[in-house]
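In what follows, every chain begins at residue 1, and chains take the letters A, B, ... in the order their sequences are listed. It should be emphasised that the depicted structure is a prediction, and the values quoted were computed from it without experimental measurement.
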There are 2 protein chains.
Amino acid sequence: MSDNGPDHTVSLRAAGLRPTRQRVALARVLFEGGHRHVTAESLHAEVKATRMPVSLATVYNTLNQFRDAGLLREVVVAPGRSYFDTNTGHHHHFFVETDGELHDFSSEEVTIAGLPAPPEGTTLARVDVIVRVRR
Amino acid sequence: MSDNGPDHTVSLRAAGLRPTRQRVALARVLFEGGHRHVTAESLHAEVKATRMPVSLATVYNTLNQFRDAGLLREVVVAPGRSYFDTNTGHHHHFFVETDGELHDFSSEEVTIAGLPAPPEGTTLARVDVIVRVRR
DNA sequence: GCAATAACTTAGAACGGTTCTAAGGTTCTT
DNA sequence: AAGAACCTTAGAACCGTTCTAAGTTATTGC
């Protein structure tokens, strides 16, 4: 009798989202197992492989809703393609330009000193560090 | 008798590009005056205002060629829109998320310590720091 | 200077990723 | 179980960017 994995129903509800079949299936793929970096297309392919029918539009909707709810973080590294990161903690990225791979590293290892003050009338939202590497 | 501004002809030739009317007009808008952040659309609007007819396709071609030649740097800060920066020196960016503005700051002011080693088999290309702020 | 050649520009079509539409289906409340 | 609110979907639309094929301009060799 099946207690398999976390109850996504509760976190979805907490985010103000109904735990529909599709959203639960997507949450399972995204949040069970370690941290992930996905694109809409890659996630769509993955969830379809679990035999749960989900349209690409729903994948896009869900990624945006999860991002807005703080369940995912969007990472912009290259033009014309969005990555979503299941790691929402403080961390930065290696981006392997030659093959589009993304790897996390904790921001605790890194010290950034001497950042100038934000422009007049703005407040800091986040500091992103992208270490671009090539194979 | 007109020595107005730098001779873009020579830098274009140095980059292996013929100094056509369009490219020279674009170079003038981009490289005379201080550092700039442009998008294809914004640059197209600007150069058309100088009464030199240039198609949007040529603006895209030219931006890509200038980038490849090291005359411009492409900055990716938000999905679905590319900025080009005439400052090709070492520096980082403030990005004002609420209105899409981009501001440089020199990387000399900033110290980044404790960056982890690049993944196996890769070599460092560049470190981008994007400080995201909101109004 | 004048061809011939190679490079460039252009309008418009095509493209790829993302969002929208409006119709039907699901979930929640009572 | 019924009503209302919310969700999913296929396909169209969209938007920034790239491609295509035809005409134009810069360069090279004479």
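- Between A:E74 atom CD and C:dT19 atom C1' the separation is 13 Å, expressed in whole Å.
- Axis deviation across the helix from C:dG1-D:dC30 to C:dT30-D:dA1 amounts to 40°, comparing end segments of five pairs, rounded to 10 degrees.
- Rounded to a whole Å, the CG atom of B:L17 is 10 Å from the C1' atom of C:dA7.
- Note: B:F95 and B:Y83 have perpendicular aromatic rings, judged against thresholds of 30 and 60 degrees for the angle between ring planes.
- For the pair A:R73 and A:D128, the minimum side-chain heavy-atom distance is below 4.5 Å.
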Next item on the list: In sequence, state the C-alpha distance, the side-chain angles, and the governing distance for A:E41 and A:L56, and then conclude on side-chain contact (heavy atoms from CB on, under 4.5 Å).
Entry: CA-CA 7 Å; A:E41 291 284 357; A:L56 186 55; 3.8 Å; yes
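- When the options B:V38, B:T62, B:V47 are evaluated for a side-chain contact (heavy atoms from CB on, under 4.5 Å) with B:L30, the one that passes is B:V38.
- Applying the side chain to side chain donor-acceptor pair (under 3.5 Å) test to pairs two or more places apart or on separate chains, none has a residue in residues 108-119 of chain B.
- Contacts of A:S82 with the nucleic acid, taken as non-hydrogen atoms under 4.0 Å apart, involve only primed sugar atoms and P, OP1 or OP2.
- With contacts defined as side-chain heavy-atom distances shorter than 4.5 Å, the pair B:T39/B:R81 qualifies.
- Closest approach to the A:R23 side chain among C:dT18, D:dT8, C:dT10 is made by D:dT8 (side chain taken as heavy atoms from C-beta onward).
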Note to self: Using a 4.0 Å heavy-atom cut-off to protein, can you give one letter per nucleotide of nucleotides 18-30 of chain D, 5' to 3': B if the base is in contact, S if only the sugar-phosphate is, - if neither?
What the structure shows: BB------BS---
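- Spacing between atom CE of A:M52 and atom P of D:dC7 amounts to 16 Å, rounded to whole angstrom units.
- Spacing between atom NE2 of A:H44 and atom C1' of C:dT19 amounts to 15 Å, rounded to whole angstrom units.
- With sequence neighbours excluded, the residues forming a ring pair (Phe, Tyr, Trp, His ring centres under 6.0 Å) with B:H91 are B:H93, listed by chain and number.
- Atoms CZ (A:R81) and P (C:dG16) sit 12 Å apart, rounded to a whole Å.
- By the side chain to side chain donor-acceptor pair (under 3.5 Å) test, A:T88 pairs with no residue at all, sequence neighbours left out.
- In this structure, A:Q65 atom CD and C:dT19 atom P are separated by 11 Å, rounded to whole Å.
- Comparing B:T62 and B:P79 along DNA chain C, the residue whose closest nucleotide (by nearest heavy atom) sits nearer the 5' end is B:T62.
- In this structure, OH of B:Y83 is placed 10 Å from P of D:dT17, rounded to the nearest angstrom.
- Partners of B:L71 under the side chain to side chain contact (heavy atoms under 4.5 Å, CB included) rule, at least two apart in sequence or in another chain, are B:F31, B:F66, B:A69.
- Look at A:Q22 and you won't find any side-chain N or O under 4.0 angstrom from OP1 or OP2 of C:dT26.
- Within the 4.0 Å cut-off from OP1 or OP2 of D:dT9, at least one side-chain nitrogen or oxygen of A:T58 is found.
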